[in-house]
Amino acid sequence: MNELLASFAAMGGFLVGTLVMMAIRRQSEPVREPEPVDDSLSPGVASVLAVLPSSAVVLDREDRVLRASSAARAYGLVRGDALMAAELLALARKVRRDGEIREGEIEVPGRKFGQESTTFAVRVAPLGSTGQVLVLAEDQTERLRVEAVRRDFVANVSHELKTPVGALSLLAETIQDAAEDPEAVNRFAGRMQHEAARLTYLVQDLITLSRIQGAEAIPTPGPVPVDEAVHEAIDRCNTKAASKDITLVAGGTEGLNVWGDDELLVTALRNLIDNAVAYSPEHTRVVVSARPAGEAVEVSVSDQGIGIPEGAQERIFERFFRVDAARSRATGGTGLGLAIVKHVAVAHGGEVTVWSKEGSGSTFTLRLPAFGGVAVAVPRTTSTPLEAAT
Ligand code: ADP
């Protein structure tokens with residue numbers, strides 16, 4: 001028994017000894033720290049991010065924002081050191097896990113109540129092997145808006161083309177059926193001509209609009225004598241005006257010159273005068289008048305017509321917007337006239353404005369840059385009038 005007790009005591013002593021030894025050894029061993037993490041951003045990456053136009057964010061391996069461009073903060077993608085878009089954060093984690101670059105489109109809700117959400121095209125990529133992730137986000141609002149406008153425009157054009165084409169085909173059928181009745185054939189043929197003319201105007205206006213919306217709307221700008229443009233535009237509208245006994249009058253300051261394209265200026269004025277005639281009662285006057293206005297020349301077209309309701313005045317320059325669609329069609333309108341005028345003004349670096357009162361009339365004013373930088377009236381008798389203006 002004593003032997004047994006002695007051997008237990010010896011084992012106990014050994015165990016205590018071993019534990020003490022282990023404890024001593026532990027204390028003398030250096031403590032193993034976790035691997036240091038390099039969370040700094042290399043200067044090369046930082047300078048690339050500084051020049052990127054898109055919103056850029058770099059996340060560390062704990063999903064904290066290491067660097068964010070001011071655009072990313074302005075859009076509300078980043079607040080403090082947190083990436084706010086949950087969808088984007090999930091994408092960043094996936095990228096960190098498998099190292100694969102990912103792209104996609106995400107929608108970020110507006111920051112304030114009632115504010116519209118923003119759609120971003122995003123690209124997320126691993127940055128080196130430290131677990132950092134780069135997030136690039138591009139605002140798609142403008143691209144989506146332009147796409148929507150284009151889709152609308154194509155739908156509108158198709159609709160506008162369908163009406164006269166449908167009418168033409170119906171009229172052709174009617175003529176076939178009325179082959180025995182020369183008077184009816186004559187009447188329907190006349191209506192066919194009317195519809196064909198409408199189609200022609202529409203196609204012409206579409207071509208004009210696409211030309212002036214192009215990058216090089218005015219390839220060779222030069223001095224344009226305003227009097228000549230006004231007289232040419234009036235000449236082209238005279239027949240229509242005469243049919244309603246409307247007098248077209250040119251007035252204001254003579255001898256002014258603008259900087260631009262004569263054909264486009266005539267087109268814009270013709271559209272304004274055409275409208276003035278179309279939306280005025282018989283036996284009225286339309287006055288086209290030019291005046292110097294500092295660095296610009298203002299040409300206004302005033303009528304004594306039906307006027308435009310205040311609520312519609314902002315929208316009349318939109319393509320295919322009409323206050324009264326039936327009236328516009330009856331007068332042969334394409335709904336593109338004022339859109340063309342607006343684009344001509346913009347292409348010249350100018351603008352077009354409207355004043356109107358229902359029942360009293362309207363005045364449209366084209367403001368275009370003066371030739372030579374300042375509007376100067378050069379008398380027609382001068383032998384070198386345009387040199388004098390510079
Ligand atoms: P439209 O071919 O229909 O005349 P526009 O683009 O030229 O198309 O004009 C758009 C709309 O603005 C017209 O349908 C008409 O309702 C209104 N409008 C334009 N000019 C005048 C005017 N001088 N007087 C009254 N309304 C006008």
Side-chain angles (χ1 to χ4, degrees), residues 149 152-153 156-157 159-164 167 194-213 230 233-234 236-238 240-241 243-250 264-289 298-347 351-366:
V149 168
D152 265 15
F153 182 59
N156 280 334
V157 169
H159 177 77
E160 297 287 335
L161 287 171
K162 241 166 65 186
T163 318
H194 175 78
E195 293 300 334
R198 250 179 79 179
L199 263 181
T200 312
Y201 296 146
L202 183 59
V203 172
Q204 273 169 354
D205 276 0
L206 284 170
I207 292 170
T208 308
L209 198 58
S210 80
R211 185 160 80 89
I212 48 173
Q213 281 181 312
V230 168
I234 285 182
R236 292 200 204 169
C237 299
N238 250 334
K240 242 190 200 170
S243 71
K244 287 176 82 176
D245 191 25
I246 290 176
T247 316
L248 303 181
V249 186
L264 284 183
L265 183 57
V266 172
T267 302
L269 289 172
R270 189 174 49 78
N271 276 304
L272 291 176
I273 301 169
D274 250 346
N275 280 347
V277 171
Y279 301 105
S280 290
E282 294 183 343
H283 321 300
T284 51
R285 271 158 63 97
V286 171
V287 179
V288 187
S289 162
E298 287 183 353
V299 190
S300 58
V301 178
S302 302
D303 63 53
Q304 301 166 313
I306 57 172
I308 302 158
E310 214 177 311
Q313 288 176 19
E314 247 179 53
R315 300 202 54 200
I316 50 174
F317 297 98
E318 288 173 21
R319 296 175 292 198
F320 297 119
F321 178 85
R322 295 151 165 132
V323 176
D324 177 347
R327 180 164 186 148
S328 156
R329 292 216 171 85
T331 55
T334 61
L336 294 174
L338 289 181
I340 290 175
V341 175
K342 188 184 97 179
H343 282 100
V344 168
V346 170
E351 58 171 1
V352 56
T353 50
V354 61
W355 172 93
S356 187
K357 193 160 181 255
E358 271 186 282
S360 299
S362 311
T363 297
F364 285 85
T365 305
L366 255 180

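Whatever order the structure lists ligands and atoms in, that order sets their numbers, starting from 1.
Geometrically, ligand 1 and Gly333 share no nitrogen or oxygen pair separated by less than 3.5 Å. No N or O atom of Phe364 sits closer than 3.5 Å to an N or O atom of ligand 1.
When hydrogens are left out, the protein atom nearest atom 4 (O) of ligand 1 is Tyr279 OH, 2.8 Å; that is the closest non-hydrogen contact. The protein heavy atom nearest to atom 7 (O) of ligand 1 is Asn275 ND2, 2.8 Å. Shortest contact from atom 12 (O) of ligand 1 to any protein heavy atom: Ile316 CG2, 3.4 Å. Among protein heavy atoms, atom 23 (N) of ligand 1 sits closest to Asp303 OD2, 2.9 Å. For atom 16 (O) of ligand 1, the nearest protein heavy atom (residue, atom name, distance) is Val323 N, 3.0 Å. With hydrogens left out, the protein atom closest to atom 6 (O) of ligand 1 is Leu338 N, 2.9 Å, a heavy atom. Regarding atom 11 (C) of ligand 1, its nearest protein heavy-atom neighbour is Phe321 O, 3.6 Å. In terms of protein heavy atoms, atom 3 (O) of ligand 1 is closest to Ser328 OG, 2.6 Å.
The closest approach between a heavy atom of Gly335 and any atom of ligand 1 is below 4.0 Å. Contact between Phe317 and ligand 1 is absent, with no heavy atom of the residue lying under 4.0 Å from the ligand.
Distances below 4.0 Å separate heavy atoms of Gly337 from the following atoms of ligand 1: 5 (P), 6 (O), 7 (O). Each of the atoms 2 (O) of ligand 1 lies under 4.0 Å from some heavy atom of Thr334.
A distance-only check finds a donor-acceptor pair linking the side chain of Lys244 to the backbone of Ser280 [under 3.5 Å].
Note that Arg327 lies outside the cation-pi zone of Tyr279, set by a 6.0 Å cut-off to the ring centre and a 45° limit from the axis.
Counting non-hydrogen atoms of other residues, nucleotides and ligands closer than 6.0 Å to OH of Tyr201 gives a total of 12 or fewer.
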